[in-house]
Amino acid sequence: MSKPPGSSVSPDSTEQVNVEILFLDVGQGDATLVVDHATKEAILIDCPGGREYVVAQALRERACKLALALITHWDLDHFGGIIGVLDQCETKALRFNHETLLAHGKQGRVLATLRRLRDNRYNHIEFSDARQGFVGAVGAVRFELLAPSYRQLLYAVSSFDRNLASGVVAIEANGTRVLVGGDADGRVWSRILSEGTSIRSDALKWPHHGAMRHTERHVDDQQLLEAVEPSLVVFSAGSNNTYGHPLPSTVQLVAQHNIGIVCTQVTERCHFGLHGTDTPCAGTVSLMLSPGGRVTRSPNSVQLASLIDGWTRPLCRPATADPNPTGVAEGEDALVN
């Protein structure tokens, strides 16, 4: 269930963490790792090319295997590292929608990946699709695919529009819900909401790296924020990206709603002089969940503030914002801070 903004979710030091949700710092790309510590199994959602080592290291540190790897869609910054992950990490199942191949437009890397997946060394891995309605569980973690629908896959392929085919994944554990938006645009969110599906969640990994595409007829940033009502928004983008991710207007909108913001890396929209180098802001963000429903976040608010204070013009701190918008005492850990 969603927690009200400003609520303290700091776990007691004696209460064991059994689930960890990691928004991995993979530069300009997306990778979310959900770990169930009791079963020593994990779920991976996306991995960009050249960053498979980040996933492998996180799994090694937690002595975990992959119960499931899931590709939301065929953009290189979401699927490019999947072969490397399968080669380096023991994996039970892989879900993807090969129908989105045509929607990608640039087919070379997609075809190369699909052909490599035919190799006999992957015969032990279960392959299946990744469509709306797929639900599953790994230990205490429950997950559900809210998108893409079969009809949206049809439109994506026939209109060469890959983001329309993007998956949206809802993750729940110990009373906390997290939404991973992939690259889903306003049309995808409009369809989900029109079906009466609740997308209210404690944390939202903002779609398309903080630059969700939308039109006047479909869900926009404000409407998405109102529908999800998150306490925390995560932007996964690289310092050296040339796409303008995340959009200043999106970050500032979230900040104006007094919602906690974390970015995996800082960009030149927040700090001068990066010169294209990967520069962590929050870096990898970890939400640690206990069976009693308490959550703690790393880095916490104090650790993150010490970094943000060094940026030239942080977008997450508009001049009109309350310096302590959550009402949480300084030093107190919380999902929103």
Side-chain angles (χ1 to χ4, degrees), residues 23-32 45-55 71-84 100-101 103-110 112-113 156 159-167 180-188 204-215 220-221 224 233-255 261-285 307-308 310-318:
F23 305 105
L24 298 173
D25 179 1
V26 289
Q28 181 58 27
D30 241 44
T32 303
I45 305 169
D46 289 336
C47 179
R51 302 295 177 137
E52 50 269 31
Y53 71 91
V54 179
V55 175
I71 300 172
T72 59
H73 66 298
W74 292 97
D75 267 349
L76 196 60
D77 57 354
H78 290 257
F79 84 86
I82 195 63
I83 293 295
T100 60
L101 166 66
H104 188 274
K106 298 178 181 178
Q107 301 179 15
R109 293 292 295 271
V110 180
T113 298
S159 60
F160 301 97
D161 192 344
R162 58 191 179 275
N163 289 343
L164 183 56
S166 176
V180 178
D183 275 358
D185 65 21
R187 296 166 296 176
V188 176
L204 170 65
K205 192 170 196 180
W206 197 275
H208 204 222
H209 319 282
M212 182 184 74
R213 187 177 59 184
H214 57 81
T215 67
D220 60 19
D221 290 356
L224 180 61
V233 167
V234 180
F235 296 108
S236 181
S239 299
N240 59 351
N241 86 82
T242 58
Y243 309 107
H245 300 164
L247 292 179
S249 59
T250 300
V251 179
Q252 290 165 354
L253 174 68
V254 176
I261 297 171
V262 287
C263 298
T264 53
Q265 294 192 5
V266 64
T267 72
E268 290 192 345
R269 282 159 293 289
C270 287
H271 186 60
F272 297 112
L274 295 175
H275 304 300
T277 58
D278 283 353
T279 304
C281 188
T284 289
V285 179
L307 287 170
I308 294 174
W311 306 142
T312 313
R313 47 181 183 183
L315 293 171
C316 61
R317 289 188 176 174

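Only this structure's heavy atoms are used, side chains among them; waters, hydrogens and symmetry mates stay out. Please read these numbers as outputs of a predicted model, since none were measured by experiment.
- Residues Pro207 and Gly181 come closest through the heavy atom pair CB-O, 3.7 Å.
- Nearest heavy atoms, Asn163 versus Val188: O-CG2, 4.2 Å.
- For the atom pair OG1 (Thr113) and CD1 (Ile82), the distance works out to 9.0 Å, reported to the nearest 0.5 Å.
- Here the side chain of Ser166 pairs no donor or acceptor atom with the backbone of Gly182 at under 3.5 angstrom.
- In this structure, the separation between CG on Asp220 and CG on Leu253 is 8.5 Å, given to the nearest 0.5 Å.
- To the nearest 0.5 angstrom, Arg213 atom CZ is 8.0 Å from Leu164 atom CG.
- Aromatic ring orientation, His209 versus His78: tilted (interplanar angle from 30° to 60°).
- Checking side-chain atoms of Thr32 against main-chain N and O of Ile45 turns up no donor-acceptor pair under 3.5 Å.
- In this structure, CZ in Phe235 is found 9.0 Å from CG in Leu247, a value given to the nearest 0.5 Å.
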| query | Taking it one step at a time, do His245 and Thr267 satisfy side-chain contact (heavy atoms from CB on, under 4.5 Å)? | reply | CA-CA 8 Å; His245 300 164; Thr267 72; over 6 Å; no
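- Between the side chain of Asp185 and the main chain of Arg187, a donor-acceptor pair closer than 3.5 Å is present.
- The two residues Ala255 and Leu315 make their nearest non-hydrogen contact at CB-O, 4.5 Å.
- Between Val262 and Phe23, every side-chain heavy-atom pair lies at or beyond the 4.5 Å cut-off.
- Between Val110 and Arg162, every side-chain heavy-atom pair lies at or beyond the 4.5 Å cut-off.
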request  = Let me see the working for Trp311 and Cys281 under side-chain contact (heavy atoms from CB on, under 4.5 Å), right down to the final yes or no.
outcome  = CA-CA 9 Å; Trp311 306 142; Cys281 188; 3.4 Å; yes
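- Judged by distance alone, with hydrogens and angles left aside, the side-chain atoms of Thr279 form a donor-acceptor pair with the main-chain N or O of Thr277 at under 3.5 Å.
- The two residues His73 and Phe79 have their closest heavy-atom pair at O-CB, 4.1 Å.
- Taken from SG in Cys316 to CD1 in Ile308, the straight-line distance is 4.0 Å, to the nearest 0.5 Å.
- Gln252 places no side-chain N or O within donor-acceptor distance of the main-chain N or O of Thr250, the cut-off being under 3.5 Å.
- Atom-to-atom distance recorded for Asn241:CG and Arg269:CZ is 5.0 Å, nearest 0.5 angstrom.
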Check against side chain to side chain donor-acceptor pair (under 3.5 Å), Gln28 and Asn240 = CA-CA 8 Å; Gln28 181 58 27; Asn240 59 351; over 6 Å; no
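- Between the side chain of Asp46 and the main chain of Thr72, a donor-acceptor pair closer than 3.5 Å is present.
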- Show your reasoning for whether side-chain contact (heavy atoms from CB on, under 4.5 Å) applies to Arg313 and Phe272. CA-CA 8 Å; Arg313 47 181 183 183; Phe272 297 112; 3.4 Å; yes
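- When every heavy atom of Gly27 is checked against every heavy atom of Asp25, the shortest pair comes out as N-OD1, 3.3 Å.
- You'll find the side chain of Asp77 stays beyond 4.5 Å of the side chain of Asp30, heavy atoms only.
- Between the side chain of Gln265 and the backbone N or O of Ser239, at least one donor-acceptor pair lies under 3.5 Å.
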